[in-house]
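Structure first, then comments.
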Protein chains: 2
Amino acid sequence: MTLAVNSIETSPIQVHNQKQEQILQGAMQVFFRDGYAGTSMDRVAIEAGVSKQTIYSHFQDKEGLFKALVERITIARYNTLFESAQLYDDPELLLRQLAETYFLKVAGDRDYLSLLRLVIAESARFPEMAKLYTQSVIQHGRQMLGQYFDAHPELGISDSKAAAHIFFGSLVSFVVVQEILHGKEIIPLSSESLVNSLIELFLARTDN
Amino acid sequence: MTLAVNSIETSPIQVHNQKQEQILQGAMQVFFRDGYAGTSMDRVAIEAGVSKQTIYSHFQDKEGLFKALVERITIARYNTLFESAQLYDDPELLLRQLAETYFLKVAGDRDYLSLLRLVIAESARFPEMAKLYTQSVIQHGRQMLGQYFDAHPELGISDSKAAAHIFFGSLVSFVVVQEILHGKEIIPLSSESLVNSLIELFLARTDN
DNA sequence: GTCTATACCGAGATAGAC
DNA sequence: GTCTATCTCGGTATAGAC
């Protein structure tokens, strides 16, 4: 019951979280590269710089570590995806900014790409994970843009939800095809020309 | 050097291909369900109804079996994806038929969905496989539709390649989100409303 | 050409020292 | 709480009988 007031050690809780963070950092590298089944706990231990037993003292088992990792990253990163996005009233400005934010934060970031690939890869084994991703990312974006379309009838969009899917779906499939499926080495297509064509399509009725 | 004219055995080549076909059928079930790293050769042998050694006599190793399987399915299935599609001159008919063909053959077929998921999942480990898929499926569709757009300037499409990506990308992402990422349990969206909205967008300039 | 049996290694998970 | 050492099982791949 002695109080170690002069101890230079950080508090137990701090140490706990620091270790967990360290483990998750290493786990991310390996899971993102090798997938769930391809990842060995030995490699995670090496990559994180801890022993295997330390991992098992912080997480129940391999599945628990994996779920904790993906949930953490999905929520942390995607809840802030469009937080910096200003809701311009001008449609062209808004659409352009949404697309540029998405390309900057997702297509340009290896970790985002790896997470997307991993969630798709494990969607059959871990359906809850896929649902969390869909809710955090897709639903969020679709609802926001759908509401915007509803508030701007001059765009002449009859089905705002479907239109929002088309907009974000074009961005997602661009990333999937060009970056993940190596499309940029086979069918070059710049993100700028995609965005310009999207603007052209969605604003066709206002230009006339 | 005797000719076994009365033999009731099938020819060696026949037997060879039959066994290979049998192995590939079993391998497909397991690889599609468990992914590359999650698949064991024992399970493939059980599923295919042969011994493990038989597999190794027909294919070099696990990697060779996997590559042979995916190449075979990708080429066989996707080269015939749009072969039945009639090239209607009317834009609405054409777009509608392309979308319906895609949904019928891809979204409605568990094997197509599994192949797409698998190719994405293994795109880092097997980039050549991803490139083959991109060439056989994406490039094929984009080129065909891009040429159609170029031949129909009345649609007012300035960038035919980007527009073709938007069209097919919306279909692909619909399948990825709704079917693979379990979106249909979270954000219901019918394929009909998607197609109608696509038509609305792409034909906006001809309606006026 | 196909089977059964086996070699050998690396996987996930745990015991026990400190 | 963290480490080293170890258990046990299932993995890929092969040897040898028929």
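Hydrogens, waters and symmetry mates are skipped; everything else that's a heavy atom, side chains included, is used. Lettering follows sequence order; numbering is per chain, from 1. Because the structure is predicted, anything quoted here is derived from the model rather than measured.
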- Query: Which residues, if any, of residues 31-54 of chain B bring a heavy atom under 4.0 Å of DNA chain C?
  - Reply: V50(B), S51(B), Q53(B), T54(B)
- Item | For atom CD1 of I23(A) and atom C1' of dG1(D), their distance in whole Å | 11 Å
- Task: Quick one: list whatever passes side chain to side chain donor-acceptor pair (under 3.5 Å) with Y102(A), sequence neighbours left out.
- Result: none
- Note on the structure: residues 27-45 of chain A vs salt bridge (charged side-chain N to carboxylate O under 4.0 Å, His left out), sequence neighbours excluded, gives D42(A)-K52(A)
- Partner residues of E92(A) under the side chain to side chain donor-acceptor pair (under 3.5 Å) criterion, sequence neighbours left out: R96(A)
- Task: Can you tell me the distance, in whole Å, between the NZ atom of K62(B) and the P atom of dG11(D)?
- Result: 9 Å
- Message: Tell me the interatomic distance from Q60(B), atom CD, to dT12(D), atom C1', rounded to whole angstroms.
- Response: 14 Å
- Item | H58(A) vs dT2(D): side-chain N/O to OP1/OP2 distance below 4.0 Å | yes
- Note on the structure: Hits for side-chain contact (heavy atoms from CB on, under 4.5 Å) against D89(A), two or more places apart or cross-chain, chain-then-number order -> H152(A)
- Please tell me which of the listed nucleotides, dT2(C), dG12(C), dT14(D), lies nearest to the side chain of K19(B)? dT2(C)
- How long is the line joining CD of Q22(A) and C1' of dG1(D), in whole Å? 13 Å
- Query: So, the side chain of T134(B) versus the backbone of A130(B): is there a donor-acceptor pair under 3.5 Å, distance only?
  - Reply: yes
- Query: Separation of D61(B) atom CG from dG11(D) atom C1', in whole Å?
  - Reply: 14 Å
- Item | Spacing between I55(B) atom CD1 and dG11(D) atom C1', to the nearest angstrom | 14 Å
- What is the distance from CD of Q18(A) to C1' of dG1(D), rounded to the nearest Å? 14 Å
- Task: Could you state the atom-to-atom distance from CG of N17(B) to P of dG1(C) in whole Å?
- Result: 12 Å
- Query: With sequence neighbours left out, which residue pairs that include part of residues 185-196 of chain B fulfil the salt bridge (charged side-chain N to carboxylate O under 4.0 Å, His left out) condition?
  - Reply: K131(A)-E185(B)
